[in-house]
Structure formats: structure tokens, C-alpha cells
Amino acid sequence: SIIVKLALVLSFNFLKASANDITIIINDFDLRIDKIKNKYFLIRHDIFSPRNSVSTNFNTYSDSLKAISRKLIASRNEIFKKILDQDIEENYLDKISKIKLKSELLNNSISVLLYINNYHNTTNKHTLNTFGDYEAKIKRLVTFEKLFYEIK
């Protein structure tokens with residue numbers, strides 16, 4: 001009887017710890033996305049800044065966008081490695097799904113902004129050739145950002 005009670009208490013504590021671990025992992029990843037999002041918007045602001053001129057080094061922005069994209073992908077891979085073998089309740093699956101979607105939309109925004117940045121880069125004349133191409137990419141960027149902000 002005592003052994004059964006002890007086993008139940010230990011299994012309950014394990015499940016509680018596991019739920020706490022998942023909550024910590026989810027909150028940590030959500031915080032990472034927010035930090036990357038903030039860096040993304042700083043870079044976006046700089047790319048579209050009226051202070052830019054012909055001598056602006058747009059390659060720096062490209063390097064920064066690539067770096068935050070790699071960081072976002074690495075963080076996303078890390079969270080899924082951490083939770084891969086755990087038994088996850090449905091409410092956590094919903095949170096994980098939303099965070100995954102947020103990270104994908106943010107990464108899509110980063111990719112489109114990187115493409116747009118190459119348009120500004122005078123050394124990459126082969127990218128967006130017409131204003132219509134540029135306008136389509138801006139609309140795509142706005143769509144991804146809007147979808148990103150609609151996720152609650």
C-alpha cells in the first residue's frame with residue numbers, strides 16, 4: 001500500500017515536472033521569437049530609412065537578416081528536439097503549433113525582406129527588375145507581417 005502510494009506520488013511529480021518543463025520550453029521559444037522579431041524590425045526600419053544613400057552598404061543588412069534567420073531556424077529545431085520524446089497534452093500542442101506558425105511567418109518575412117534588400121543593393125542589379133516586382137514583394141512582406149501579428 002505504501003509502495004503504491006509512493007509510486008503514484010512519484011509519477012504525479014514526474015508528470016507535473018514534465019508539464020512545467022514543456023511550459024518553460026514553450027515560453028523560452030516564444031521569448032526568442034520576440035527578440036528575433038525586434039531585431040528584424042530594427043533591420044527593416046534601417047533598410048527603408050530615408051537616410052540611406054547610394055553609398056549605403058546594404059550587404060550589412062543582408063548579413064544581419066541571414067544571421068537572424070539562422071538563429072530562428074536553430075531555435076525552432078531546438079524546441080522540437082526537446083519535446084520530441086515527451087507525451088504532450090493537447091493544450092500544449094495548440095501553443096506549440098501557434099509558435100511554430102509564428103516562427104515560419106517571421107522567417108518568411110525575413111526571406112522576403114532579404115530579397116527586397118537585394119533590390120536596394122546596387123551591386124545586385126539582377127534581382128527585382130521592375131517597380132511592379134518590387135511592389136509585389138512589398139505586398140507579400142506586408143501580408144506575412146500582418147499574419148504574424150494576427151496570431152494570438
Side-chain angles (χ1 to χ4, degrees), residues 13-152:
N13 285 340
F14 173 74
L15 290 174
K16 186 176 178 183
S18 179
N20 285 339
D21 290 346
I22 292 172
T23 301
I24 290 169
I25 292 168
I26 290 170
N27 291 339
D28 179 51
F29 187 55
D30 205 25
L31 182 63
R32 287 183 195 187
I33 290 175
D34 282 343
K35 287 180 180 179
I36 293 170
K37 174 197 69 169
N38 292 339
K39 289 179 184 178
Y40 162 79
F41 280 108
L42 286 172
I43 296 166
R44 186 185 75 146
H45 177 267
D46 288 347
I47 288 173
F48 294 118
S49 173
R51 292 176 283 144
N52 288 335
S53 66
V54 176
S55 62
T56 300
N57 185 357
F58 287 97
N59 289 326
T60 304
Y61 301 136
S62 292
D63 293 341
S64 297
L65 288 167
K66 290 175 188 175
I68 64 172
S69 178
R70 284 190 299 269
K71 192 174 199 176
L72 183 61
I73 291 168
S75 293
R76 188 172 61 209
N77 290 341
E78 182 182 331
I79 187 176
F80 289 111
K81 284 180 187 175
K82 286 181 179 180
I83 63 172
L84 185 64
D85 295 330
Q86 296 190 18
D87 189 24
I88 301 172
E89 295 176 18
E90 190 172 331
N91 63 326
Y92 291 115
L93 290 176
D94 187 46
K95 290 177 185 178
I96 292 167
S97 177
K98 286 180 181 178
I99 289 173
K100 180 180 180 281
L101 181 59
K102 275 177 61 174
S103 70
E104 289 171 353
L105 289 169
L106 181 57
N107 202 43
N108 287 342
S109 297
I110 292 168
S111 296
V112 172
L113 185 59
L114 180 61
Y115 196 83
I116 291 168
N117 181 59
N118 287 334
Y119 171 79
H120 286 290
N121 190 342
T122 55
T123 61
N124 291 330
K125 296 259 186 207
H126 64 281
T127 56
L128 296 168
N129 294 326
T130 68
F131 184 76
D133 293 337
Y134 178 74
E135 181 182 30
K137 288 297 179 185
I138 293 292
K139 285 181 180 179
R140 188 170 181 210
L141 179 65
V142 168
T143 300
F144 283 134
E145 289 177 358
K146 182 180 177 191
L147 289 170
F148 177 82
Y149 275 110
E150 288 177 355
I151 297 174
K152 301 273 181 204

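Note that the coordinates shown come from a computational prediction; the quantities given were computed from them, not determined experimentally.
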task: Report the C-alpha distance between Lys37 and Asp34 in whole Å, list the side-chain angles of each, state the deciding distance to 0.1 Å, and finish with yes or no for side-chain contact (heavy atoms from CB on, under 4.5 Å).
output: CA-CA 5 Å; Lys37 174 197 69 169; Asp34 282 343; 4.0 Å; yes
- request: Could you name each residue pair satisfying salt bridge (Lys or Arg N to Asp or Glu O under 4.0 Å) that touches residues 42-52, not counting sequence neighbours?
  value: Arg44-Glu145
Sequence neighbours excluded - salt bridge (Lys or Arg N to Asp or Glu O under 4.0 Å) pairs with any residue from residues 103-116: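 Sorted pair list: Lys100-Glu104.
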Sequence neighbours excluded, which residues qualify as side-chain contact (heavy atoms from CB on, under 4.5 Å) partners of [X]?
{"X": "Lys35", "result": "Leu31"}
{"X": "Leu105", "result": "Leu101, Phe144, Leu147, Phe148, Ile151"}
{"X": "Asn38", "result": "none"}
{"X": "Ser64", "result": "Ile43"}

Say whether, by atom type as modelled, one donor and one acceptor occur between the side chain of [X] and the main chain of [Y] under 3.5 angstrom.
{"X": "Ser97", "Y": "Leu93", "result": "no"}
{"X": "Asn117", "Y": "Phe58", "result": "yes"}
{"X": "Ser111", "Y": "Asn107", "result": "yes"}

query: Between Leu65 and Tyr40, does a side-chain contact (heavy atoms from CB on, under 4.5 Å) hold up when you go through it step by step?
result: CA-CA 7 Å; Leu65 288 167; Tyr40 162 79; 4.3 Å; yes
query: Less than 4.0 Å between a side-chain N and a carboxylate O, is that true for Asp133 and Lys137?
result: no
Taking every non-hydrogen atom, the tightest pair across Ser62 and Asn118: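 Minimum heavy-atom separation between Ser62 and Asn118: OG-OD1, 3.5 Å.
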- line: Closest non-hydrogen atoms of Ile33 and Ser103, given as atom of the first, atom of the second and distance, are CD1-CB, 3.9 Å
Euclidean distance, [Y] [atom2] relative to [X] [atom1], rounded to 0.5 Å:
{"X": "Ile68", "Y": "Leu114", "atom1": "CD1", "atom2": "CG", "value": "9.5 Å"}
{"X": "Leu106", "Y": "Arg76", "atom1": "CG", "atom2": "CZ", "value": "10.0 Å"}
{"X": "Ile79", "Y": "Ile96", "atom1": "CD1", "atom2": "CD1", "value": "5.5 Å"}
{"X": "Phe48", "Y": "Leu141", "atom1": "CZ", "atom2": "CG", "value": "6.0 Å"}

May I ask you to test the [X]-[Y] pair for a side-chain heavy-atom distance under 4.5 Å?
{"X": "Leu72", "Y": "Lys102", "answer": "no"}
{"X": "Tyr61", "Y": "Ile116", "answer": "no"}
{"X": "Ile73", "Y": "Ser69", "answer": "yes"}
{"X": "Thr23", "Y": "Tyr92", "answer": "yes"}
{"X": "Ile22", "Y": "Lys95", "answer": "no"}

Greater than 12 external heavy atoms within 6.0 Å of Lys39's NZ: no
